[in-house]
Peer 1: 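If you scroll down you'll find the structure; I have some questions about it.
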Amino acid sequence: MHVLKAYKLPGALIRFLTEGPRRIDLPDNSSGVGYLEFFHLIDTVEMKLGRQKLLRISSDVDQYSHILIVWNPSKKMIGYADIEHQEIGTISTFEAFMADPASYMDNLLN
C-alpha cells in the first residue's frame, strides 16, 4: 500500500477498487465492449510504457485483451495503454469515466 501513495489516487478511485463491485457491465455500444473488470486495490500493477509510469487498474476489458485501463499519476486521470501498439493516452477524470464508461470506451476504440 505504501508504494501506491506515490500514485496520488483520488479517494473515489480507492473506494471503487476496495469496496467493489469492481465490474462494470456496459450497455450495447459500437465498440462491442460488454464489460470492464478491475483489480482490487492491492492487486493493481505498476507498469511503465516508454518513460511513462502508470498503474494498471483493469483486469479485463471485454474483447480487447491488449487494452488496459490505467491511472496516470502525472495527469491525475484515467487513461489507457494499448500494449499491442505501444500507445498510451488519457481518457478522463475518474468521476467522469464512471458517469459514462460506455461513451468513453466507444470513443477510445472507434
Peer 1: To the nearest 0.5 Å, tell me how far T18 OG1 sits from I42 CD1.
Peer 2: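 Interatomic distance, T18 OG1 to I42 CD1, rounded to 0.5 Å: 10.0 Å.
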
Peer 1: Which heavy atom of S58 sits nearest a heavy atom of R56, and at what distance?
Peer 2: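 Heavy atoms only, the tightest pair is O-NE, 2.8 Å.
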
Peer 1: Give me the other members of the hydrophobic cluster that M47 sits in, counting Ile, Leu, Val, Met, Phe, Trp and Tyr linked by side-chain heavy atoms under 4.5 Å, directly or via other members.
Peer 2: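 Joined to M47, directly or through intermediates: L49, L54, L68, V70, I83, I88.
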
Peer 1: Measure the CG-CD1 distance between L4 and I14 for me, rounded to the nearest 0.5 Å.
Peer 2: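 The CG atom of L4 sits 8.0 Å away from the CD1 atom of I14.
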
Peer 1: Among pairs that include at least one residue of residues 89-100, which meet side-chain hydrogen bond (donor to acceptor under 3.5 Å, both in side chains), considering only residues two or more places apart or in two chains?
Peer 2: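 Every pair satisfying side-chain hydrogen bond (donor to acceptor under 3.5 Å, both in side chains) with a residue in residues 89-100: D100-S103.
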
Peer 1: Who are the side-chain hydrogen bond (donor to acceptor under 3.5 Å, both in side chains) partners of N107, not counting sequence neighbours?
Peer 2: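 side-chain hydrogen bond (donor to acceptor under 3.5 Å, both in side chains) list for N107, sorted by chain: empty.
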
Peer 1: Sorted by first residue and then second, give each ring-ring contact (aromatic ring centres under 6.0 Å, His included) pair with at least one member in residues 16-54; sequence neighbours left out.
Peer 2: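 Applying ring-ring contact (aromatic ring centres under 6.0 Å, His included) to every pair that reaches into residues 16-54, excluding sequence neighbours, yields F16-F38, F16-F94.
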
Peer 1: Transitively linked via ILVMFWY side-chain contacts under 4.5 Å: V61 with L108?
Peer 2: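 Yes; tracing contacts between hydrophobic side chains, which count when under 4.5 Å, links both residues.
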
Peer 1: For the CD1 atom of I57 and the CG atom of L36, what is their distance to the nearest 0.5 Å?
Peer 2: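 Interatomic distance, I57 CD1 to L36 CG, rounded to 0.5 Å: 9.5 Å.
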
Peer 1: Taking side-chain hydrogen bond (donor to acceptor under 3.5 Å, both in side chains) as the cut-off, I'd like each qualifying pair that reaches into residues 62-76, sequence neighbours left out, listed once.
Peer 2: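 Listed by first then second residue: Q52-N72, Q52-S74, N72-S74.
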
Peer 1: Report the distance from atom CG of L55 to atom CG of L13, rounding to the nearest 0.5 Å.
Peer 2: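 Reported to 0.5 Å precision, the distance equals 8.0 Å.
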
Peer 1: Do L9 and T44 have side chains that get closer than 4.5 Å, going by heavy atoms?
Peer 2: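 In short, these two side chains do not touch, never coming nearer than 4.5 Å.
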
Peer 1: List for me each residue that meets side-chain hydrogen bond (donor to acceptor under 3.5 Å, both in side chains) alongside E46, sequence neighbours excluded, and say none if there are none.
Peer 2: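 E46 satisfies side-chain hydrogen bond (donor to acceptor under 3.5 Å, both in side chains) with Y7 once adjacent residues are dropped.
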
Peer 1: Could you pull out every donor-acceptor pair under 3.5 Å between side chains of residues 20-30 and any protein atom, sequence neighbours left out?
Peer 2:
unit_1, atom_1, unit_2, atom_2, d
R23, NE, D25, OD1, 2.8
R23, NH1, E37, OE2, 2.7
R23, NH2, D25, OD1, 3.0
N29, OD1, S31, N, 3.1
N29, OD1, S31, OG, 2.3
N29, OD1, G32, N, 3.2
N29, ND2, P27, O, 2.8
N29, ND2, V33, O, 3.0
S30, OG, D106, OD1, 2.5
S30, OG, D106, OD2, 3.1
S30, OG, N110, ND2, 2.8

Peer 1: About how many Å separate CD1 of I69 and CE of M105, when rounded to the nearest 0.5 Å?
Peer 2: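 It is 4.0 Å, given to the nearest 0.5 Å.
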
